[in-house]
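Just below is one structure, and these are the notes that go with it.
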Protein chains: 2
Amino acid sequence: MNSAGILIIDDEIQIRRLLEITLESHNHRVLSADSAREGLRMAAGHSPDLVILDLGLPDESGHLVLQRLREWYTKPVLILSVQSSEEDIVKALDNGANDYLVKPFRTGELLARVRSALRNAVAGPRKAVVNFNGLQVDLSARTVRKDHEMIRLTATEYSLLALFVRHEGMVLTHQYLLREVWGPGYINQSQYLRVFIAQLRKKIENDPNRPEYIITEPGVGYRFTSTE
Amino acid sequence: MNSAGILIIDDEIQIRRLLEITLESHNHRVLSADSAREGLRMAAGHSPDLVILDLGLPDESGHLVLQRLREWYTKPVLILSVQSSEEDIVKALDNGANDYLVKPFRTGELLARVRSALRNAVAGPRKAVVNFNGLQVDLSARTVRKDHEMIRLTATEYSLLALFVRHEGMVLTHQYLLREVWGPGYINQSQYLRVFIAQLRKKIENDPNRPEYIITEPGVGYRFTSTE
DNA sequence: GTAAGTCTTTATAAAATCTTTATATCGCTG
DNA sequence: CAGCGATATAAAGATTTTATAAAGACTTAC
């Protein structure tokens, strides 16, 4: 690990402290910035492996920072936000954020999200065959297996699953999913999503009532995870 | 070099001799055939690392040999041709030849071309005869058997089946199949596909109403499977 | 020129999927 | 704990896609 480290952009000193201590205790190098300007400067200077960005900054909107960042920065960006601002979270995810955390958060969850984000970033060039304990998706053959059994998916079900697989660990918003699978004219048809998510779960989950692969993020979207 | 060797297909004995001596003196194993039929048989039997093919054969056109070869053989094919037939060379290159030599040639140039062709060969080997419980397809002989019974297929039926066999397990989209079998101008003629798929099933499936080999993937295409 | 075989086109029935509606469930807030 | 918004699931209907037969057009061999 040549480790350019993790950059935290947050104005609250308590949060910065908590993040620094937690991350450093797990062998991450940590950089901190307490403003939008400072954050962008440090990101440009150090090219960190991951950025944790608070949406509520004093000098500039966090959305603006995210936008500027995404003009050149391709590694994961993790959003911090207060409970109330669900709308902000959706907007940030649609603007290229990889994941989000609601304040206050448990440090265990923080570390899990950071691990997942860093793991996916390393994956880089996608492999054609992807394995998630028991679920095997072959993106070039367009086939899906569950415990070596072939599973038959309709065109729509498959393109939904393929999206999830290609963005494992990330939260995908309703908007994004609808736009990618059905097209830009369908971003309000959330019911479509619910219907097809239910069908997918019925086909790939061990217990559709307690999904392990496709996790609901209420008010925001869905997330595909591998438990390993 | 574990060397399955180089196969020479040429009817002129002087040329064969010259090639044999030159190549063997550089540690290549050499196989020879003096006719199209013999050449195809040896290619299928020995899977050579490279084929040197004369276009002017007595029994069959060299172009036909090349075409047949290319239905399953992915390694380099080097064309030999007399000075005059420039048109032939272009056609051969279009049909999948890797390089050509004009007779008479200098042995130094021959060796250089052979070296280059072998160096550039990347694709993995493929078998000429494929077996799917009961269904046997010989891609070099262009024959199909069902439980040892010969099955007669039309040209179109065969090229469709050959495509399936060469991509076993993959979902092949309508577009892809139409483009490969009929050409780029036919990618909208899905009805062609349905008609010929039905005919193929009638000929190769145990119960055409419940196909085992050619599986429909509605809205997407078809998939060829072996149940083993 | 005819006959046999093949490919293309048309028509219709059957199957599968997508869309919509209805109802049940969950988690949260006041 | 009632009520609200968001989510989950089932099932009816509408639509699209597929299967199959069969007629017409074209090619090829004799």
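Letters go in sequence order (proteins before strands), and every chain restarts at 1.
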Applying ring pair (Phe, Tyr, Trp, His ring centres under 6.0 Å), can you list everything that pairs with A/Tyr73, at least two apart in sequence or on another chain? none
Between [N] ([atom2]) and [X] ([atom1]): distance, integer Å:
| X | N | atom1 | atom2 | answer |
| --- | --- | --- | --- | --- |
| A/Arg194 | C/dT25 | CZ | P | 17 Å |
| B/Leu178 | C/dC7 | CG | C1' | 14 Å |
| A/Gln199 | C/dC18 | CD | P | 8 Å |
| B/Leu200 | C/dC7 | CG | P | 11 Å |
| B/Asn188 | C/dT8 | CG | P | 15 Å |
| A/Asn209 | C/dG27 | CG | P | 12 Å |

With a 4.0 Å cutoff (strictly under), does any side-chain N or O of A/Trp182 reach OP1 or OP2 of C/dC18? no
Distance below 4.0 Å between B/Tyr192 side-chain N/O and C/dT9 OP1 or OP2: yes
Looking for any heavy atom pair under 4.0 Å, which part of the strands does B/Ser190 touch: base, sugar-phosphate only, or nothing? nothing
Mind checking if B/Tyr222 touches a base, just sugar-phosphate, or nothing, with heavy atoms under 4.0 Å? sugar-phosphate
Nucleotide N/O of nucleotides 3-6 of chain C paired with protein N/O under 3.5 Å:
from	atom 1	to	atom 2	distance (Å)
C/dT6	OP1	B/Arg152	NH2	3.0

Roughly how far apart are [X] [atom1] and [Y] [atom2], rounded to 0.5 Å?
| X | Y | atom1 | atom2 | value |
| --- | --- | --- | --- | --- |
| B/Arg142 | B/Leu153 | CZ | CG | 9.5 Å |
| B/Met170 | B/Leu163 | CE | CG | 11.0 Å |
| A/Thr173 | A/Glu180 | OG1 | CD | 9.5 Å |

Are there over 12 heavy-atom neighbours, none belonging to B/Arg179, within less than 6.0 Å of that residue's CZ? yes
Less than 6.0 angstrom separating the ring centers of B/Phe224 and B/Phe132, yes or no? yes
Assert: residue with more 5' nearest nucleotide on DNA chain D, out of A/Val220 and A/Lys202, is A/Val220
Nearest-nucleotide check on DNA chain D, A/Gly219 vs B/Arg201; residue mapping nearer the 5' end is A/Gly219
B/Tyr222 and side-chain contact (heavy atoms from CB on, under 4.5 Å): which partner among B/Val171, B/Ile215, B/Ile214? B/Ile214
Chain B contact limits on DNA chain D, taken 5' to 3' with a cut-off of 4.0 angstrom to heavy atoms: D/dT17 to D/dA21
Taking the basic N atoms (NZ, or NE/NH1/NH2) and the acidic carboxylate oxygens, is any pair closer than 4.0 Å for B/Arg41 and B/Glu38? yes
Are the charged groups of B/Asp10 and B/Arg16 less than 4.0 angstrom apart, N to O? no
The side chain of B/Gln191 lies closest to which of these nucleotides: C/dT10, C/dT21, C/dT19? C/dT10
Identify which nucleotide among C/dT9, C/dA16, C/dT20 has an atom closest to any side-chain atom of B/Gln189, counting heavy atoms from C-beta outward. C/dT9
